[in-house]
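Heads up, the thing below is written out as structure tokens.
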Amino acid sequence: MHELSIAMGIIEGVLEEAERHGAKHVEAVHVRLGRLSGVVVLCPLCRAERPAQSFPSLLCADCGSPGRLIHGQELEIRGLEIAT
Amino acid sequence: MNEPRLVEVRRKILKQNDLLARSLRGRFRDAGTCVISLVSSPGAGKTTLLEYLLADLRRDYRVAALVGDLATEHDAARLARSGAAVRQIITGTVCHLDASMVERAIADWPLAELDFLFIENVGNLVCPSGFDLGEDLRLVLVSTPEGEDKPQKYPTIFNTADIAIITKLDLTQATGIDLQALTANIASARPGIRILKVAARTGEGMNDLKQVFVSERETQATHAGVT
């Protein structure tokens, strides 16, 4: 039922943003779900953002040292297709 | 009416929860309450760990606990035996706690009279990960009977935790678990995370865990004093 909270979060966000943009109708909602896919870590040794080793590891793909998660767990509303 | 147009939003789906959790965190800080949440799969030993900690910390500190389950007040009844203030959050069909549930549960509690507040989440290694509760420390528990690869199967929850605790250490031999492999897997999912090993039944490692909380609280108090 974690899905329910996500769905409610999307509805809340869409209603607020639609009103802010003066929308009469919302035709489509674009969402971005990272869920730890395409993970990017900040590698202290390389001093740069690097892809992580194969999922679910957060070790730097280049040098193997432990990284800090930068991208990969996004859960966001990216955009709305609206009619005004 | 015009043709539909695309507007960029870039807004977190759980924004409301994030905002509420931030405000809770501020309230806890102002009150000087150190808040620690526990997540794990069902049966990993969250309640047993808390039973021990509440009884132990109560000798020197003012402690309270919230405990989440889909149904029953069993865990609240167990924890209340320690003498600490305990409140059950019954989530119904919801598989995790969120900030609004915590806010409602503590509404009439005088936070300034609490040194530690523990929040035991619903037993679940998936759903609680995305919901900030305003806690200072999030503990993820994994018990020896669960095997070595839980951190690889459920990396997200380990990645949002501040401390990992291997529980039921007294069953190491019976379960045949490879503790070194489990430790390595936790470190891979959450590089640099502090890992403690405990057995709440025998008390092994429990004093070290307690000291982690005590020093976290002292660190906060120092910061609060400076600012």
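Here is how names work: the chains are called A, B, and so on, in the same order as the sequence lines, proteins then strands, and each is numbered from 1.
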Practice problem: List the steps and the verdict of side-chain contact (heavy atoms from CB on, under 4.5 Å) for Arg10(B) and Arg78(A). | Solution: CA-CA 4 Å; Arg10(B) 287 182 173 260; Arg78(A) 292 285 283 197; 3.2 Å; yes

Practice problem: Looking only at non-hydrogen atoms, find the nearest pair between Ile13(B) and Ile6(A) and report the distance. | Solution: CG2-O, 3.5 Å

Quiz item: Which distance, rounded to the nearest 0.5 Å, do you find between the CZ of Arg5(B) and the CG of Leu80(A)?
Solution: 10.0 Å

Quiz item: Taking side chain as C-beta onward, heavy atoms only, is Ser5(A) less than 4.5 Å from His96(B)?
Solution: yes

Exercise. Check the pair His30(A), Val9(B) against side-chain contact (heavy atoms from CB on, under 4.5 Å), reporting the backbone distance first and the verdict last.
Key: CA-CA 9 Å; His30(A) 296 219; Val9(B) 172; over 6 Å; no

Quiz item: Which residues, numbered in order, of residues 16-31 of chain B come under 4.5 angstrom of chain A by heavy-atom distance?
Solution: Gln16(B)

Quiz item: Given the rule in the side-chain contact (heavy atoms from CB on, under 4.5 Å) test, do Leu75(A) and Lys12(B) qualify, once you have shown the distances and angles that lead to the verdict?
Solution: CA-CA 6 Å; Leu75(A) 199 59; Lys12(B) 281 188 167 180; over 6 Å; no

Quiz item: Within a reach of under 6.0 Å around CD of Gln211(B), are more than 12 heavy atoms found that belong to other residues, nucleotides or ligands?
Solution: yes

Quiz prompt | His74(B) atom NE2, neighbour heavy-atom count above 12 within 6.0 Å | solution = no

Quiz item: For Phe158(B), is it the side chain, the backbone, both, or neither that has a heavy atom closer than 4.5 Å to a heavy atom of chain A?
Solution: neither

Self-check item: Option from Glu17(A), Glu12(A), Glu76(A) for which salt bridge (Lys or Arg N to Asp or Glu O under 4.0 Å) with Arg11(B) holds
Solution: Glu17(A)

